[in-house]
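Note: hydrogens, waters and symmetry copies are ignored here, and every other heavy atom, side chains too, is used. In this text the structure is predicted, and so the values were computed from the model without any measurement.
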Amino acid sequence: MSTAAANEPATTADPQPPKARRQVLVALSGLLSALFVATLSSTVVSTALPKMIGALHGSPTQYTWVVTATLLSTTATTPIWGKLADLFNKKNLVQIAVTVFVLGSVAAGVSQSPGQLIAARALQGVGVGGVQSLVQIAIAAMIPPRERGRYSGYLSSVTALSTIGGPLLGGLIVDTSWLGWRWCFFISIPVAVAALVLLQRTLRLPVIRRDDVKIDYLGATLIASGVSVLLIWISFVDSSFAWASWQTAAMVGAAVVLLSVALWVEARAAEPIVPLHIIKQRTTVLAILGSLAAGTAMFAASVYLSQYFQVSRGYTATEAGLLTIPMMGGILVSSILAGRLLSRTGKLKPFVIVGSVLLTAGFAGLGTIDHRTSLVFMSAAMLCIGLGVGMTMQNFVLAVQNSVPLKDIGTASTTVTFFRSLGGTFGVTVLGAVLARQVAERTAQGRETARGAYGDATGLVFLIGAAVAALGIVAAALLRPVTLRTSLDSSETAEH
């Protein structure tokens, strides 16, 4: 797609001519292929982990680190990729991120020990962080906000399909004798390579050349270190050590010091990794709050619904994946329909309000479940969650992208994504601790079997999730009503 095509004048009848639309869709094919395999890599291992660690003779701690290593590197590098996108060629950066992901996938697939697998997953996470953030940035750089709603549905659908469908695919792979767990990593490589070819042939993005580029290495190091310490703490608290312990005090204290120093550095850096003037904007703050709610919902639903169906209801990994189809269908339908309506009206606020209400209602419904709840009722609740996620997750990012000039689009986009990922990680980990404690207490009292206790305790987890999702309603209600602009860039100063 050419830049000229992206900047063709809009008309009321057809804001984007068919030829330009086809060019955008062709360019999107490579971006969405890369996004699909990157997101899939984080979820496909969930059902395969026991066999992976068993085959490599790993320990329970190493089991946790196979997941944590990817999460750490993905979250910690997200703001760095965003800043690099504001300084360098976005197309080249997307290709670099996909290449890093492929190298990490190959290394993970050929690992001969748990240590090698953990290191490979960390490398893979660096690529995942780049792909997830840069795809949104690339789309923002070639499509005006008003038209972006038309395509954000595809973005939400791909993310939802890979996030929720990953465990299903992982279960199928490890249950197929002639494949084995290594194909959880190998299966992504052909698609990623195809995405690289498509990106090279179809992606055309405007390049803003700058001779005075300065990279804030100190700020990047401090932010990555502070976030890593926090994520390590939240990953092990209540399992390896207590919430009230010297380990908690040391790790939380170190994170606070590192992030405080990072804040001081960012306020004085010539090219800060996270510009504070963007963080201070009302739209950005509210979008972060809304994204935290949507991110927690997405992560919690994919993790705990799969476990509920397998542990409490006795379904296989494949069957558990199939039972979440109402949620995937809801995301697919709502993201596409809401995106098209958003492009037609240009009004963002009504969609995020309705989506936040549906999200909260769905979680409130799941908050009433136990180990005997009707699957029909659960399907209706999951449908509400899917509809809510489809209408909110990408649209909160779009609200921020609409409020900043093109030169800051990378940093603004990844700032929201970063906090969504960080908040979702914290939320899921805390909910996991609540679930484990509830199951232990119920089984210790001897009133329920482990299977029944798990099913009954899951309802409390989703009830807490409903309270978190309600924050999204507050954020959506407080957003200022705006009409999405029809130009790629804005000559107006971003709100302060």
Report the residues that fulfil ring pair (Phe, Tyr, Trp, His ring centres under 6.0 Å) with F462, sequence neighbours left out, ordered by chain and then residue number. F363
Looking at [Y], is its backbone amide N or carbonyl O close enough to the side chain of [X] to form a donor-acceptor pair, meaning the two atoms are under 3.5 Å apart?
| X | Y | value |
| --- | --- | --- |
| T70 | R121 | yes |
| T39 | F36 | no |
| S33 | V191 | no |

Minimum heavy-atom distance [X]-[Y], with the two atoms named:
| X | Y | result |
| --- | --- | --- |
| S111 | A120 | OG-CB, 4.2 Å |
| I464 | V434 | CD1-CG1, 4.1 Å |
| S334 | L387 | OG-O, 3.1 Å |
| A453 | T443 | CB-CG2, 3.8 Å |
| W181 | A55 | NE1-CB, 3.5 Å |

Between [atom1] on residue [X] and [atom2] on residue [Y], distance to nearest 0.5 Å:
| X | Y | atom1 | atom2 | result |
| --- | --- | --- | --- | --- |
| L259 | L230 | CG | CG | 6.0 Å |
| T283 | L478 | OG1 | CG | 11.0 Å |
| L479 | I353 | CG | CD1 | 8.0 Å |
| Y308 | T324 | OH | OG1 | 14.0 Å |
| F185 | L117 | CZ | CG | 5.0 Å |
| Q438 | T458 | CD | OG1 | 10.0 Å |

Qualifying side-chain hydrogen bond (donor to acceptor under 3.5 Å, both in side chains) pairs, either residue in residues 91-109, two or more places apart: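 Those involving residues 91-109 are Q95-Q200, S105-Q124.
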Under 3.5 Å side-chain donor-acceptor pair for T373 and D370: yes
